[in-house]
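First up is the structure itself, then whatever we jot down about it.
Labels below follow one simple rule: chain letters A, B, ... track the order of the sequence lines, proteins then strands, and each chain is numbered from 1.
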Amino acid sequence: MISFSHVYKRYPGGLEALRNITFTVEAGEMVFIVGPSGAGKSTLLKLAAAIERPSSGSVIVNGQNVSALRARAIPFLRRNFGLVFQDQKLLFDRTAFENVMLPLHINGFERREAARRVRAALDKVGLLAKEKARPVTLSGGEQQRLAIARAIVHRPAILLADEPTGNLDAGHAAGIGELFRSFNQVGVTVVIATHDEALAERLKPRVLSLKEGAIVA
Amino acid sequence: MRAWLWHHLDTFVTTLARFARAPAATLFNVGVIGIALALPASLYVALSNLQGYAQAFASDPQISVFLALDAGRAEVEGIEARLRQHPGVRELRYVSREQALKELKASTGLADVVDSLAQNPLPDAFVVQARDATPQGLEKLRDEASRWPKVSHVQLDAAWARRLEAGLRLARLAVGLLATLFAFALVAVTFNTIRLQILTRREEIEVAKLIGATDPFIRRPFLYFGALQGLAGGLAAWAIIWIGLHLLNGGLAELAQLYATRIELKHLSAEDSTSLLVFSAWLGWFGAWLSVNQHLAQIEPR
Ligand SMILES: Nc1ncnc2c1ncn2[C@@H]1O[C@H](COP(=O)(O)OP(=O)(O)OP(=O)(O)O)[C@@H](O)[C@H]1O
Ligand SMILES: [Mg+2]
């Protein structure tokens, strides 16, 4: 489903963020990417979603070579993913409901069906009561859960989550962990970059360990 | 297909909602565009009206043959006979100097002035309708008649019509240039409006791109906005002209009553009105398109 081979990533003017990365995530797998800050976890996820391009090597998603993709094809590649960003990227001038609506709007869902799905997603992360709230009025953890709701609402085949439990207390983190597990159980491929050892302990995923841009385990 | 139609309708409604959310800015923009379009369009209306009158005159060109003041009865008859036999003359009307004075008195309201004249300053005249109404034909007849004895002056009424026609041509060119300039202004206003919108919605565009929005999807609301704003500006221009003509026609009706004629300025024809609206919508769309192409490429999310 996702396959990196001999991938290098060098940011303009920077060090090499990734060095000779080779791994494969099979469909339906759950994989954690762990490693110290600056190890290149976010970079790896960005390469998979064609947000960044590899300096060399190839990234294959669903049989498509991401770096060879035409610009016009990239949006359609991205629709396979549910993306949880490390900085969440919520829209602060919109309500929680509208934030979660965005992917469905982009995917061309009919409005009534979309509203139903938005509520279902908000319900899953425990934010149904706050659908009219703006993100600023939500706590850090609530914002994080809202970002997760937005990532899962269009039922993507692959979930890429960057530090999805960074701001959550143990209780909520466990809840989100269960949510990821339930997705994985219905066949969604889940890739999570995290520091959260308790989460790894709970879900017992395959772990990919990065250090200074290279896979160490 | 249904989803596609649905999406367009949705964009349309959202765009209207966006107008409603910033009513002051919207009114201001629409007003500026309306005035910018109303200027060349109202000149165009004025020209069309003038042209209508010019054509009414020029379609029946006349030649006035003025005789010398000292022309006697026999000489007048001689000239009349010559004109009647002339193959270039279709119709002939004799206006005696007495009659001319009477008409002057009646038509201009200068009765007092005319009455105070010691003697009649007007000559006898013939009003000739030429068979060949082309400018060349008319000029030939004029040159010929002006060489006859006791003919003091031959006036080609078409001459002023032609001068008017030339003037109108120049004015039309000026309107065209002005329209181009203001069209440019409309495009610039839209360009800037959309630029500001893109800047304020930068985050939204970034996120949309990140989660799989295509460029046309992102572009569409801005293009709708530009086109609708242009259309609203066109409607405003149309309304401005309508109100202006309404006021002018009110004044003209009074004036025309004094002269016992009917003058009424006509508004843009249905065809011209449609052109104005389509053109203004297109210009708005074009300004938005330029702006979106220029600024959207700069937003590449990381
Ligand atoms: N846009 C960028 N331009 C230049 N350098 C970058 C950019 N993004 C990341 N880097 C560098 O690449 C390296 C890896 O960054 P990355 O964000 O992938 O780390 P990370 O493992 O996600 O860290 P964290 O756990 O703190 O989120 C770091 O040294 C970082 O400074
Ligand atoms: Mg990171």
Side-chain angles (χ1 to χ4, degrees), chain A residues 11-12 17 42-43 45-47 49-53 70-94 98-114 135 146-147 149-154 156-160 162, chain B residues 1-26 193-194 196-225 289 292-302:
Chain A
Y11 284 109
S42 298
T43 303
L45 293 185
K46 285 178 184 170
L47 285 169
I51 297 169
E52 294 286 356
R53 298 196 162 222
R70 283 176 306 132
R72 282 171 57 187
I74 286 177
F76 299 99
L77 173 88
R78 288 186 184 154
R79 291 181 196 183
N80 293 314
F81 295 111
L83 295 172
V84 180
F85 304 98
Q86 190 163 11
D87 57 353
Q88 286 143 24
K89 299 196 189 295
L90 297 170
L91 297 176
F92 284 87
D93 59 343
R94 300 205 180 184
E98 288 164 342
N99 267 281
V100 180
M101 180 62 104
L102 190 62
L104 299 180
H105 194 198
I106 286 168
N107 281 277
F109 276 79
E110 187 266 324
R111 191 166 278 237
R112 282 240 297 284
E113 166 68 6
L146 183 60
R150 187 182 66 189
I152 60 171
V153 71
H154 63 297
I158 309 169
L159 191 63
L160 298 183
D162 199 349
Chain B
M1 181 66 198
R2 259 190 65 188
W4 183 84
L5 267 182
W6 179 255
H7 174 67
H8 275 267
L9 187 71
D10 204 57
T11 312
F12 181 75
V13 173
T14 330
T15 308
L16 286 186
R18 219 185 301 158
F19 278 124
R21 225 175 302 152
T26 303
T193 313
I194 298 295
L196 290 176
Q197 275 192 13
I198 290 175
L199 285 182
T200 56
R201 298 179 63 205
R202 192 193 175 96
E203 296 224 311
E204 188 183 333
I205 293 169
E206 265 182 25
V207 172
K209 276 192 170 185
L210 281 175
I211 58 183
T214 57
D215 279 356
F217 176 92
I218 292 170
R219 217 176 269 148
R220 197 166 297 132
F222 296 109
L223 298 182
Y224 263 75
F225 191 93
W289 184 82
V292 165
N293 275 2
Q294 174 96 64
H295 300 110
L296 227 46
Q298 292 165 8
I299 302 179
E300 207 35 69
R302 284 285 168 260

Report task. Heavy-atom distances under 4.5 Å only: say whether A/Arg94 touches chain B with side chain, backbone, both or neither. Result -> side chain

Query raised in the report: So do the side chains of A/Leu91 and B/Glu203 get within less than 4.5 Å of each other, counting heavy atoms only?
Result: yes

Query - Distance, nearest 0.5 Å, that separates CD of B/Glu204 from CG of A/Asp93 - result: 6.0 Å

Report task. Please name the pair of heavy atoms, one in B/Gly212 and one in A/Ile106, separated by the smallest distance, quoted to 0.1 Å. Result -> O-CG2, 3.4 Å

**Report entry** Validation row: B/Ile211, A/His154 side chains within 4.5 angstrom (heavy atoms)
**Finding:** no

Report task. Can you see which heavy atom on A/Arg78 is nearest to which on B/Leu210, and at what distance? Result -> CD-O, 3.3 Å

Query raised in the report: Quick one: side chain to side chain contact (heavy atoms under 4.5 Å, CB included) partners of A/His105, sequence neighbours excluded?
Result: B/His7, B/Asp10, B/Phe217

Query raised in the report: Residues two or more places apart in sequence or in another chain: which of them pass salt bridge (Lys or Arg N to Asp or Glu O under 4.0 Å) with A/Arg53?
Result: none

